[in-house]
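I have placed the structure first, in the form of C-alpha cells, so that the comments after it can refer back to it.
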Amino acid sequence: VSTQSTGGAEGTVAFCELLFNLCPRNKVEDVVIAIAHRGRISLLTELLQLPYLRLLKKYGGDSEFHPDERSIGDVLSHLWQSVDLEQPGGGNVHVSLLPNPSHLEVANSVALGKVRAKQRLRKSAPYYGDSMNSPLALLIHGDAAFTGQGISLENAMMSKLPGYSSNGSIHLITNNLIGFTAQQGAQSSSFTAGDIGRMYDVPVISVNGLDIHSVYQAAVMAIEWRTRYQEDIIIDLQCYRLHGHNQHDEPRFTNPLMYSRVEELKPLQDRIVDELVTDEVVSEDFVKTVVAEQNTELSAAHKTCADYTPPRMCFTGNWDQMTQAGSDLTTWQTGYSVEDLRCIGVKSTELPEGFQHHSTLNRAHINKRTKMMESGEGIDWAMGEALAFGSLLVQGYNVRLSGEDVSRGTFSNRHVTMYDQSTGAPYTPLNHLQSGQSTKLEAIDSLLSEEGVVGFEYGYSLEDPTSLVLWEAQFGDFFNPAQVMFDQFVVSGEAKWVLQSGLVALLPHGYDGNGPDHTSARLERWLQLSDSKECAADTDDINVQVANCTTPAQYFHLLRRQVVRPFRKPLVLMSPKALLRSPDAVSTIAEFGPGTTFQRVIGDAAVKDNEVNRVLICSGKHYYTLRNKRDSLNDKTTAIIRIEELCPFPSSELQQELNKYPGAEKVWAQEESRNSGAWSFVSPRVRNILGYELEYAGRKECAAAAVGIPKLHAEEVKDILHQAFSHIL
C-alpha cells in the first residue's frame, strides 16, 4: 500500500480537496478525475468516501462489487468511485473517479470524452451558449508519464478542436522528479514536466508541493483561469516519492543523492500540524485524538469487512433505464416505417436555398438517393447508414460519428455534411429532418489520432447510453495505434468494472489487392478478444460483438439494435470498401420496414436443398466473390451460407441452415490467410457445438495481412476459388 500512497506528494490530495471546495462558487457541479495508481487509494478514501470496509474487503481477496454484478474485478490501484460531495461553503459537487488500467495516461482521453458527454446532457457549452455549469476534467499526471506517453500530446491537440473541446481541463502533475527508477535527466528532453503545455499556449504554474499555502493559491488560480477563459491550465506540483515504485524496489539503487535529501524532509501533513499547533489553532492533544479515532475506525472496519456487502455500482443516473444482458441470444425488431424512411432518405440530401454544393454531388449523391427512395430499390451502404441515423434521430436518439474524414467518408461515400463551395459553410441535412429537431448528428472529422480519439469516444459512450457513438478508422488496420484503448477499456471494461459501453468501431476490411496495410481490420484479433464459448452456445451477455455483414439493410438493423436494446455492448464491424458501390450489395426498402430485423445467419434461397452436395460457409464481402464464381460455373450443387455476426456465435441459426443439407460437405471459405480471419474461431465451434468437421478454403499462412504484388494477389484469388469449388473444377 505504501508504494501506491501519496507519500511525499500529499499536496495532490490537498489540491483536490481545495479544488472541490472552490467548485460551487465557480458554478462547477461535476468533476471527472483521471489518475494513475499513485495516490489513488488516498484520494478514494480521504476525499471520495470509498468505505474502508469495501477497501479492506478487496485487500482480503474478495470482490469489490455487489454479488449481483457480474465482474472479474481489477487490482486495488484501479478502483473507481462516483459520489456527491457536500462542500463546507455550501453546494454540492459530483465527482467521478474513473477506473484505469496500468497503462499510464490513457484514462485521460476517457475522462475528456465523459466530460464532453456530460456537457451535452447538462446543456452547457460547447453544445449550448452558457459556459457556466460546465463539467470539469481534472487530469492527474505523473511527471515521467506526462512527458513520455504520446497520448498526452494527442489529448493536448484535441483540447481546442470543436468536436473534442471540454471547455478547459485542469492538469495536475504530481512531479516526483523521478520516473520508475530512472533519474530525472533520463525522463525528458524538455526542461520541465509541463512543457507540453507551452506547445498549445497553456499556462504552466510550478508549485512547491510542501507549502500548503502555495497549493491553495494554485487551486484558486486553476479553477478561476478555467472559469474565465474556458481553457486548459497545468499545475506542476513539485514534490517527491517517499517510497519505491513497488514493494521490491529500493530507490537508492539508482537515486542515492535524491533519497539522502528525501530522508531529511518533513512531510506536508507534519508541516501543517506544526503550523496549526504553533498558531494555537489546534492543540497537540487534539491531533493525537484525531489520529487515534482514524486508527480505531480502520481497526473496526478490518474486523467486520468480511461480512460487508458492497453496494451496487451500475445502472444509476443516466443508466437507470439500462440492465444487464440476459442469458439468451435475443432478436430485436428494428424495422421502421417505410413511408418515414422514404421521407428521411429524401431529406438526407435537402439543402437550404442558395447553398452551392459541389456539382459532382448532383449525380453521385443527391439524384442517386432520390431515385433510390422513389423506386425503393438499389439502396446502397451509405443510404442504409443514413436511414439508420435519421430514424434514430427522429426517435429521440443522438448520433455521434468521429474519425478521420468521416463527414465525407474515406471513399467519398457518405457526405452526411456538405460544404458550400463559395463560403465553405458546412450543412448537415439529417439535423433538419423535422421542425424543432432537438437531436443531432455530430459528424466530426478528427485530428490524425487513433488512440486519443478512441479513448475519447469510449468515455463519451460511458456517460450517455442514449446516443449512438461510432468511431470509424480510415482503413481497418489503422485501429492498431488505439489497441491499448480497445484491449484495456472497450472489450474488457464491463467485465472488470461493470461499466457498459455501446461504442461502435467501423473498420473497413476486404482483400482488394491494396497491399498489406490497407486490407485487413484483423478480424482474428477481435474474435480472440471475445469471451465467446467454444463448447457452448453464446448469449447476449458477451463482451464484444463482431460482425461482417453483407447488405445495407443488415447494417441498418445492426446500428439500430445498438440503441433500442436495454443494454449496451461494443460492436466491431468489418465495414466494406469495394461493396460501397457494388450493384450486388444493395437492399430494397422493404428490407428496412416493419417486422424486419437483423439476421445473424443468411441461408441460400438460390439452390434446391436436395441437389446440394457442398456447403460453403463464409462471412462478409467474400460471399459475393463466391456467388459470382458459382454463377459463372452454372453450379446448382453448392449452397452458400453467410454468417453475418460471428460473435456472439450464432450456433442455433447456423444449425438450422446446415440441417437442410445433411449429406453435403461443409467448407469454411474466407479471403483472409489461414492464420488470419475467422477460421480459427469458427472451426472449433462448429466442431464442438454442431458436430461438423469443416474443410478450409482460403489463403495459406502469411506473415503480413496481405501481399503487395498485384499478380500474386490475382493468383491467390484464383487459388482460393479453386479450393472452394474443387468438387466441380
Side-chain angles (χ1 to χ4, degrees), residues 4-16 19 31-43 77-78 80 96-115 136-159 166 168-180 182 184 186-200 202-207 209 215 218-219 221-223 225-226 231-241 245 451-452 455-456 459 484-485 488:
Q4 300 169 352
S5 74
T6 54
E10 292 85 357
T12 300
V13 177
F15 179 92
C16 292
L19 187 72
V31 178
V32 178
I33 304 176
I35 182 176
H37 58 283
R38 177 149 158 72
R40 188 182 192 89
I41 294 174
S42 297
L43 191 61
S77 55
H78 299 170
W80 63 277
S96 303
L97 188 146
L98 293 179
N100 69 293
S102 294
H103 298 65
L104 300 176
E105 299 296 310
V106 295
N108 297 323
S109 301
V110 179
L112 293 170
K114 186 176 178 71
V115 166
L136 166 68
L138 171 59
L139 310 178
I140 303 177
H141 314 274
D143 51 324
F146 189 55
T147 56
Q149 295 295 318
I151 196 170
S152 298
L153 186 60
E154 292 186 35
N155 292 335
M157 295 303 105
M158 281 196 291
S159 66
S166 56
S169 303
I170 295 177
H171 301 262
L172 176 65
I173 302 175
T174 304
N175 194 341
N176 302 310
L177 307 177
I178 183 175
F180 191 50
Q184 186 180 11
Q187 294 182 39
S188 172
S189 297
S190 63
F191 182 68
T192 70
D195 279 351
I196 286 177
R198 306 185 197 283
M199 296 177 63
Y200 66 118
V202 167
V204 181
I205 312 299
S206 294
V207 181
V215 173
M221 188 178 299
I223 191 70
W225 171 274
R226 195 265 183 171
E231 291 192 357
D232 286 12
I233 184 170
I234 297 174
I235 305 300
D236 184 2
L237 191 70
Q238 304 282 324
C239 50
Y240 62 94
R241 192 179 69 200
H245 179 80
E451 185 179 14
F456 191 100
V484 170
M485 292 298 180
Q488 306 304 321

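Positions are given from 1, in the same order as the sequence printed here. Every heavy atom of this structure was used, including side-chain atoms; hydrogens, water molecules and symmetry mates were not.
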In short, L112 meets A137 closest at the heavy-atom pair CD2-CB, 4.0 Å
First locate atom NE2 of H141, then atom OG1 of T174, and finally report the distance between them rounded to the nearest 0.5 Å. 9.0 Å
Does the side chain of S96 reach to within under 4.5 Å of the side chain of I33, using non-hydrogen atoms? no
Among I234, V204, T12, L237, which one satisfies side chain to side chain contact (heavy atoms under 4.5 Å, CB included) with I173? I234
Considering residues at least two apart in sequence or located in another chain, which fulfil the side-chain hydrogen bond (donor to acceptor under 3.5 Å, both in side chains) criterion with N100? R40
Can you name the nearest heavy-atom pair linking A193 to N175, along with the distance? CB-ND2, 3.8 Å
Is the backbone N or O of N176 less than 3.5 Å from a side-chain atom of R241, with the two atoms forming a donor-acceptor pair by type? no
Which residues satisfy the side chain to side chain contact (heavy atoms under 4.5 Å, CB included) test with A222, sequence neighbours excluded? F15, I170, I233, I235
L19 and A219: which non-hydrogen atoms are nearest, and at how many Å? CD1-O, 4.0 Å
Can you find a heavy atom in the side chain of L136 that is under 4.5 Å from one in the side chain of I223? yes
Hey, what do you get for CG (L139) to OG (S166), rounding to the nearest 0.5 Å? 7.5 Å
State whether the side chain of S152 and the backbone N or O of F146 hold a donor-acceptor pair below 3.5 Å, judged by distance alone. yes
Using the salt bridge (Lys or Arg N to Asp or Glu O under 4.0 Å) rule, collect all pairs that involve residues 98-112, keeping only residues at least two apart or in two chains. none
Looking at side-chain heavy atoms only, is the closest gap between T192 and R198 below 4.5 Å? yes
Kindly indicate whether the side chain of I35, heavy atoms from C-beta on, has any atom under 4.5 Å from the side chain of L97. yes
Do the non-hydrogen side-chain atoms of S206 and Q238 ever get within less than 4.5 Å of each other? yes
Please enumerate all residues that pass side-chain hydrogen bond (donor to acceptor under 3.5 Å, both in side chains) together with E154, with sequence neighbours excluded. S449
Test side chain to side chain contact (heavy atoms under 4.5 Å, CB included) applied to V13 - qualifying residues, sequence neighbours left out: T6, S42, E46, L47
Specify the closest pair of heavy atoms between S190 and D195, including all atoms of both residues, with the distance to one decimal. CB-OD2, 3.3 Å
Taking side chain as C-beta onward, heavy atoms only, is S169 less than 4.5 Å from N108? no
Do V106 and M485 make a side-chain contact, defined as non-hydrogen atoms from C-beta onward lying under 4.5 Å apart? yes
Residues two or more places apart in sequence or in another chain: which of them pass side chain to side chain contact (heavy atoms under 4.5 Å, CB included) with M157? L153, Y200, L447
Using modelled atom types only, decide if a donor and an acceptor are shared between the side chain of R38 and the backbone of G7 within a distance under 3.5 Å. yes
If the condition is side chain to side chain contact (heavy atoms under 4.5 Å, CB included), which residues does S102 pass it with, not counting sequence neighbours? H78
Kindly determine whether H37 and L104 satisfy side-chain contact (heavy atoms from CB on, under 4.5 Å), including the steps that lead there. CA-CA 9 Å; H37 58 283; L104 300 176; 4.3 Å; yes
Among all residues two or more places apart in sequence or in another chain, which pass the side-chain hydrogen bond (donor to acceptor under 3.5 Å, both in side chains) test with Q488? none
All heavy atoms of C16 vs all of L138, minimum pair found to be SG-CD2, 3.9 Å
Any chance you could measure S159, atom OG, to H171, atom NE2, to the nearest 0.5 Å? 7.0 Å
